[in-house]
S.K.: 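Would you mind keeping the following structure in view while I ask a few things?
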Amino acid sequence: DVYKRQKMHTMSRLPELLEQFETNAKALGVHVHWAVDGDEHNRIVHEILQQHNVQKVVKSKSMLTEECHLNPYLEQHGYEVVDTDLGERIVQLRNESPSHIVLPAIHIRKEEVGECFHEHLGTDEGASDPAYLTEAARQHLRERFCSADAGITGVNFAIAETGGFVVCTNEGNADLGVSLPKLHIACMGIEKLLPRAADLAVFLRLLARSATGQPITTYSSHFHGPQQGSELHIVLVDNGRSGILGSSEFRRSLNCIRCGACMNTCPVYRRSGGHSYESTVPGPIGSILTPLRTPEEHSSLPFACTLCGSCTDVCPVKIDLHHQLLAMRGFLDRRKLLGMSKKLSMKFVSGLLSSTWMYTQAGRAARTALRWMPRFAVYNPLNGWGRQRDLPDPPRQSFREQYADRQTRSEDKSGPTRPAKPSLPACGLLCRNRPRCRSCRPSAHGRRSLIPLPASARSWIPSVVSATAWTRCRRPIGSYM
């Protein structure tokens, strides 16, 4: 709740804090630029690179540049852009987008990485040893670092009070990428701001703990002005964030620190992967932010959610993600972005799930039909869902039927048993600590030898035996359970 209050306080004063940050950053010798959207952000970066005759660019991981599609924009204008984060470099060589905001190549097996490196880096064919592949990537990237003309980074946190900012990495690629070139461009979403330097420590620990379980990221690099003889540019990007801030329903989504915890716990994301969202930021938080920016293109994302609430439970800044996903469905419906097929299918499923008999009969019919129907009858142009997915083999029995059969077999094998009611001591109290409890005295229960309480008979404890009764035994409750 403390982190949530700090972020809400920041969002309530965001315009004022942004101006304070700009003033303090300029005082440190930083060039500050403002971009309304992704296209303007890309143009600003391009103009800066042109002014310095840059040809080769190294870039550390930045979800904002992915959101603005900076890499393809610069490549179209003749620049060589190399992602220096290992995961980002792998997906770049494979011409893919990241599938996770913290672990970009989490969907790729080490054997596939070996094939990719063999093709592009010349490693041994069939090699899949992680240490060998990592060393090959290190040598490959070191050449790019030494020949780069400019370095581009993202921003994890910026401090309005000082005008500085922080970049967190576990590989040190951001440090090396901006230390050798004479030009450093930092791309920052306006929601990354914190009011004071004193607020930074808790968020650095919070980010690492929620993202990867570390106490703190391996490298937390603080930048307060350019190096001697170099230039530092910061591009502050809105790209729809002001509109989200003005929404009473969804402004809490701007509290996100991009830790990825909601993706790690989401059952839909874990089953389908990040690429199925067709969005820069996948998972629960992406299913809120992306439709707010491009509702016509991503109106289906909020429906890829079971509303289980697991994302809300793990969010370190307490964003009520599953409530916002439900509200997003209504938002899209009010904008008439849901097709009639979606509405009718939802009504049909609602009626089906509200009746146990209908659900049981429908499940039985579907299991039978899927076993006997030819494939083309299920996977055809009319079935948009099946274009990229296959259903698992249908079981012959439902879960309820399997459970009932198992219970019947268990009873036939052992017979119905019911634990005998344990005998009570003379005082009428049960001692959980017997027979090893040395604290029980004859005066405590009226007799020294107490009947042990079997684990199978704990449900027989009389309701009249209250917590007060247990306190008469001086050994703590459950010490010998």
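All heavy atoms count here, side chains included; hydrogens, waters and symmetry mates do not.
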S.K.: Closer than 4.0 angstrom, basic N to acidic O: yes or no for Asp313 and Lys318?
M.R.: no
S.K.: Looking at Glu115 and Arg94, is there a salt bridge between them, counting it only when a charged N and a carboxylate O are closer than 4.0 Å?
M.R.: no
S.K.: Can you confirm whether Arg205 is buried at CZ, in the sense that more than 12 heavy atoms of other residues, nucleotides or ligands lie under 6.0 Å from that atom?
M.R.: no
S.K.: Backbone N or O of Leu352 within a donor-acceptor pair of the Ser355 side chain at under 3.5 Å?
M.R.: no
S.K.: Kindly say whether Glu278 contributes a backbone atom to a donor-acceptor pair with the side chain of His298 at under 3.5 angstrom?
M.R.: yes
S.K.: Suppose the criterion is side-chain hydrogen bond (donor to acceptor under 3.5 Å, both in side chains): which pairs have a residue in residues 137-151, not counting sequence neighbours?
M.R.: Arg89-His140, Glu135-Arg138, Glu135-Gln139
S.K.: Between Ser279 and Pro282, is there a donor-acceptor pair closer than 3.5 Å when you use the side chain of the first and the backbone of the second?
M.R.: no
S.K.: Is Glu401 salt-bridged to Arg406, cutoff N-O under 4.0 Å?
M.R.: no
S.K.: Have Ser60 and Thr153 got a donor and an acceptor in their side chains that come within less than 3.5 Å?
M.R.: no
S.K.: Classify the angle between the aromatic ring planes of Tyr269 and Tyr277 as parallel (below 30°), tilted (30 to 60°) or perpendicular (above 60°).
M.R.: tilted
S.K.: Return a table of donor-acceptor pairs under 3.5 angstrom between the side chains of residues 81-88 and protein atoms on other chains or two or more places apart.
M.R.:
{"from": "Asp83", "atom 1": "OD1", "to": "Lys59", "atom 2": "NZ", "distance (Å)": "2.9"}
{"from": "Asp83", "atom 1": "OD2", "to": "Asn71", "atom 2": "ND2", "distance (Å)": "3.1"}
{"from": "Thr84", "atom 1": "OG1", "to": "Lys59", "atom 2": "O", "distance (Å)": "3.1"}
{"from": "Thr84", "atom 1": "OG1", "to": "Asn173", "atom 2": "ND2", "distance (Å)": "3.0"}
{"from": "Asp85", "atom 1": "OD2", "to": "Gly87", "atom 2": "N", "distance (Å)": "3.0"}
{"from": "Asp85", "atom 1": "OD2", "to": "Glu88", "atom 2": "N", "distance (Å)": "3.0"}

S.K.: Quick check: does any side chain N or O of Tyr132 sit under 3.5 Å from a backbone N or O of Gly114, one acting as donor and the other as acceptor?
M.R.: no
S.K.: When you check the gap from the basic side-chain N to the acidic O, do Lys110 and Asp129 get nearer than 4.0 Å?
M.R.: no
S.K.: Evaluate the side-chain proximity of Asp39 to Tyr73: yes if any heavy-atom separation is below 4.5 Å, no if none is.
M.R.: no
S.K.: Tell me whether the rings of Phe203 and Phe157 are parallel (<30°), tilted (30 to 60°) or perpendicular (>60°).
M.R.: tilted
